[in-house]
Number of protein chains: 2
Amino acid sequence: MAPNPAAARGQETRQRLLDAAVALVPELGWGGVTTRVVAERAGVAPGVVHYHFASVTDLLIAAGTGFSGGVLDQMAGELTARADIGEGVDWLLGELACYSGVDPASLLMVEMFLASTRLPGLRERLGGQIAGFRSRVASWLAERGYQGDAEVAAAMLAAAVDGIMLHRALDPGLDIAALAGPLRAMFGLDR
Amino acid sequence: MAPNPAAARGQETRQRLLDAAVALVPELGWGGVTTRVVAERAGVAPGVVHYHFASVTDLLIAAGTGFSGGVLDQMAGELTARADIGEGVDWLLGELACYSGVDPASLLMVEMFLASTRLPGLRERLGGQIAGFRSRVASWLAERGYQGDAEVAAAMLAAAVDGIMLHRALDPGLDIAALAGPLRAMFGLDR
DNA sequence: GATCGCCTTGGGCATATGCCCAAATCATAC
DNA sequence: GTATGATTTGGGCATATGCCCAAGGCGATC
């Protein structure tokens, strides 16, 4: 089976559709991304969408989980590379400062949370990714000598991160750096 | 100006539309609520929607902010009635246990967060309500002897609550009670 | 009974949507 | 040159959408 060059081009336009979807969901909302809009953004004819994907929803799920998987994997990798918990929390808050709460990445994540309540397929995939993230963070916490249930602390940390993201969307003036105090206290630091 | 009875009936059907919208947004998503669906749920003809509201979006904003205002007001009232911070945090977690994360109230709140990024009018109103909630909680924290910046702690608490809500939607097995440990630690309790 | 205000009805218009499909395209293999 | 295999095209269909509007109640006032 020779590596068909037409097939290769096909994979590339498929990727362009995925990229377009990732960009459009934050702009228009999960339900606002339509066949024609995503095709136009990707620079292809409308029919291509249903050639590469069974439905618009399928495209959105593939695009969303592809994005979230990458983000969570990289974030877990960088966090667990920190030498101690305090340093990790500080790094995490630094990262959060880059996310305004109304940036595309944050919005896409929240859109996926919501859509997953109506799409079992998405829910299963995203839930698995988050569980993986939590377990990696929990191992890191335990290795770095966290006193208490590391699984619970990791869940609380992940929830806090997303909560902060959510609230920054409404109040851009929220001072991220200041939140370090309570967050560090949560892990028994600064005593 | 006599209290016109026809006008009174009008206000009642207007309220039925608001109630229907509050029920439908969690079921179908913000963008999934259409003129005809909300009219049918309210038991009125489709035309009524655009008689009482300038647009479907207007209806959704009015319904959403009406709901969130009530929830936040009541929650702030009950929380700040607690005698000390530890008791308040425990009560809050108890409340959260009632919200599954996929219950209508939680979903409506998150839908509003997202929609507010695309609707300045909604954003302004919802942002104001959250700010009010935070300032009430901050006063309560300060009065109860919280050591540190009460405004920051209130913001972190509110964010944590919403983050927990978000994560429960994906992982119903998340043990709320266990989160009390890190949360209490955040306020310097249990030392 | 006639008049007046407000609410309600149900249909209609222009537009947008998801998905489909016969025909066109195009680089390669023969 | 022609056949092959895929991708791509652009239009089309049935349906759904937001918003509008002329006509119809319906109770209160005269």
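The figures that follow rest on heavy atoms only: side chains count, while hydrogens, waters and symmetry mates do not. Below, chain A is the first sequence line, B the second, and so on; all start at residue 1.
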Whole angstroms only, please: what is the [atom1]-[atom2] distance between [X] and [N]?
X	N	atom1	atom2	result
A:Gln11	D:dA6	CD	C1'	12 Å
B:Glu12	C:dC7	CD	C1'	13 Å
B:Tyr51	C:dG10	OH	C1'	17 Å

For the student: nearest non-hydrogen atoms of A:Leu18 and A:Phe53, plus distance
CD2-CZ, 3.8 Å
Determine the minimum heavy-atom distance between A:Arg134 and A:Ala158, stating which atoms define it.
CG-CB, 4.4 Å
Annotated protein contacts, base or backbone, on nucleotides 14-25 of chain D with a non-hydrogen cut-off under 4.0 Å, one of B, S, - each
---BBBB-----
Can [X] and [Y] be counted as an ion pair, charged N to O under 4.0 angstrom?
X	Y	answer
B:Glu40	B:Arg36	no
B:Arg184	B:Glu87	no
B:Arg136	B:Asp73	yes

